[in-house]
Amino acid sequence: MEINNLKIAELLRKIAICYSVLDEKKHFFRISAYERAADSIEYSSKEIRQIWKEGELDKVAGIGRGLSKYLDELFRKGRSMHFDKLLSKVPEGVFELMKVEGVGPKSAYKIIMELKLEKKKDIFESVEKAANKGEIAKLDGFGEKSEREILKGIESLENRKEKGKRMLLSTGLNLAEGFVGFLKEDNSVKSVDVLGSLRRKMSTVGDIDISVITSSASEVIERFCKYNKVTRVLDKGDKKASVVIDGLYRVDLMVQDEDSYGSLLVHFTGSKNHNIALREYARRNRMSVSEYGIKNKGKIEKFKNEKGFYKYLKMEWIPPELREDGGEIEAALEKKLPELVKLLDIKGDLHIHSNFDIETSHDLGTSGVGEIVDEAVKLGYKYIGFSDHSPSVSNHTQRDVLELLKRRKEYIDKESYSFVKSGKIRVFNMLEVDIMADGSLSINDKCMDFLDGVIASIHSSFRQKRAQMTKRVVSALSHPRVKIIGHPTGRLLGEREGYDLNWDEVFDRAVKNDKAIEINGYPMRLDLVDYLVKEAVGKGVKLVIGSDSHDKWGLFNMRYGVYVGRRGWAEKADILNCMSYNKFKLWLNS
DNA sequence: GCCGTTTTCGGCCCGACTGTTTTCAGTCG
């Protein structure tokens, strides 16, 4: 397995931990340099190894001469003397034990070294044993309470079947909605907002952040901790509280007065790197930023809303989805932020599966064409496309396929007749065709001629090498009847990593052949991935957002696709299904 | 260890909460 960005980021974080264990004071800034380099690499849209091959390592943000040298050695020899030397000083169990809530590098190191657990295989079991004997409470700086908290932390970690698993954006938004409703029942609550990665609409989120304006903070914090899903209270203070819900997910509450609420919104919407970049910018201009306001010449300037906050820093208001320190601060200063695509800009949905049995080997939808069209009309769409999976290759001749397609078209026409006739909506007869292992397509040209448009997607042979995968996608992009590449990385969040393609080649071909790349809004896919959307937009690639719905409610997933587009800096003009019916049809037929 | 509309040297984001303390260290976001 070749070393990838995530692994490099993990390694650098481990090195940072080594430094803080060994002598945090001495290495204070070195530690944050390693952490920032790790973040930068983890969120890089390109593999760092590739960048190294091209000799551009020192152009990556957060990587300078020192890290370039170590990474160069790592890539050439598979290991770096410098990293290995540091790692050898800190037992592996330290990194494991740090997964426990409230246990950081110092505590983990101290427990393991003082109790001589460095050679133990199951560190959690060994620490549990020691804690039950009261050995941890005896250590300097620990007590009975912290011993109990560590035991609780290990227990809750082991209750979680998959440790550290992030939740889907859709799951997080739904859970947060429950909390918001509950908090709003309190009369003293003036306003509730969902912040953090949920507000930035990241495709997966690790926790839920909620903020409240209230006249009685302690009452609201009490109420928050008593919500029926809360299984554990982690922290509870005057201004904030943290709980675990369903034994799985962390929820943080922040309380603030109305006067400083704008600063709080900025602070807890983040991301961390956006905040750091904001503060560095403020510092360069002799100001200081916190969740209470902006300190200028010894006086704190307060802000009721975010617009005022950013304006004071001479910036445009930055949409939450862009707050990732990906150039948004520079753009906001120059007043050149993009006008991001909105859900209301979407005129049609082209990726919809019906329940018409077309004898496919993949999953069928569960709603009929009639009820789906009805729902689409209610959503205000001007056009939709039915894109069922193509019939299975092994069980059908191409003549069978054409026959099935004809029957399906009759069914679609009949079911949508009244809607189309009344002029409410137009319907495209499309298909989601498989890109086979050799790059050919699962139906022949004659069948494709029968359709209004083709989405081509990979549904098999996911483990091919990068070059072969790229060849498959590029050959589909070169087929005259294929207009859209569906869910281009094939990832399934929490289940399957996406395949890596040579994106430069794919995007260049898409532009050259006037094809579109799909942003799939199915919550588990959200694919094309946001940072690749940004790359694509930068190269002028046309995009289509599709819900990939398998029933009429699935049409609502369009919003998640739009969020991904927004995170990728996409404007209305980048998304083809923001065009009118006539323009879209013209493109489809071109 | 990184980085430059004050700087190739001398800075480096800010604050809450907890536990074990007797003024603070560790952890977290």
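In what follows, chains carry the letters A, B, and so on, assigned in the order in which the sequence lines appear, proteins first and then strands, with residues in each chain numbered from 1.
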Whole-Å gap separating P (dA25(B)) and CG (Asp23(A)): 13 Å

Sugar-phosphate, base or nothing in reach of His274(A), heavy atoms under 4.0 Å: nothing

Proximity to the side chain of Asp252(A) - top-ranked nucleotide from dG1(B), dG29(B), dG26(B): dG29(B)

Touch class at under 4.0 angstrom, heavy-atom based, for Ile31(A) against every strand present: nothing

Nucleotide-resolved protein contact map, nucleotides 14-20 of chain B, B/S/- at heavy-atom distance under 4.0 Å: SSSSSSS

Pair Glu258(A) + Lys302(A): basic N to acidic O under 4.0 Å: no

Length of the line joining Lys59(A):NZ and dC3(B):P, which is rounded to integer Å: 14 Å

Touch class at under 4.0 angstrom, heavy-atom based, for Arg284(A) against every strand present: base

Atom pair distance, as rounded to whole Å: CZ in Phe28(A) and P in dG11(B): 16 Å

Ring-face cation contact, Phe507(A) with Lys539(A), 6.0 Å cut, 45° max: no

Sugar-phosphate, base or nothing in reach of Arg148(A), heavy atoms under 4.0 Å: nothing

N or O in side chain of Lys106(A) less than 4.0 angstrom from dG26(B) OP1/OP2: yes

Rounded distance (Å) that lies between atom P of dG29(B) and atom CG of Leu198(A): 14 Å

Carboxylate-amine/guanidinium proximity below 4.0 Å for Lys534(A) and Glu571(A): no

Nucleotide opposite dT8(B) in a Watson-Crick or G-U pair, distances under 3.5 Å: none

Phe303(A): partners by ring pair (Phe, Tyr, Trp, His ring centres under 6.0 Å), with sequence neighbours left out: Phe309(A), Tyr312(A)

For atom CZ of Arg200(A) and atom C1' of dG29(B), their distance in whole Å: 11 Å

Check: Phe182(A) ring centroid to Phe224(A) ring centroid under 6.0 Å: no

Touch class at under 4.0 angstrom, heavy-atom based, for Tyr281(A) against every strand present: nothing

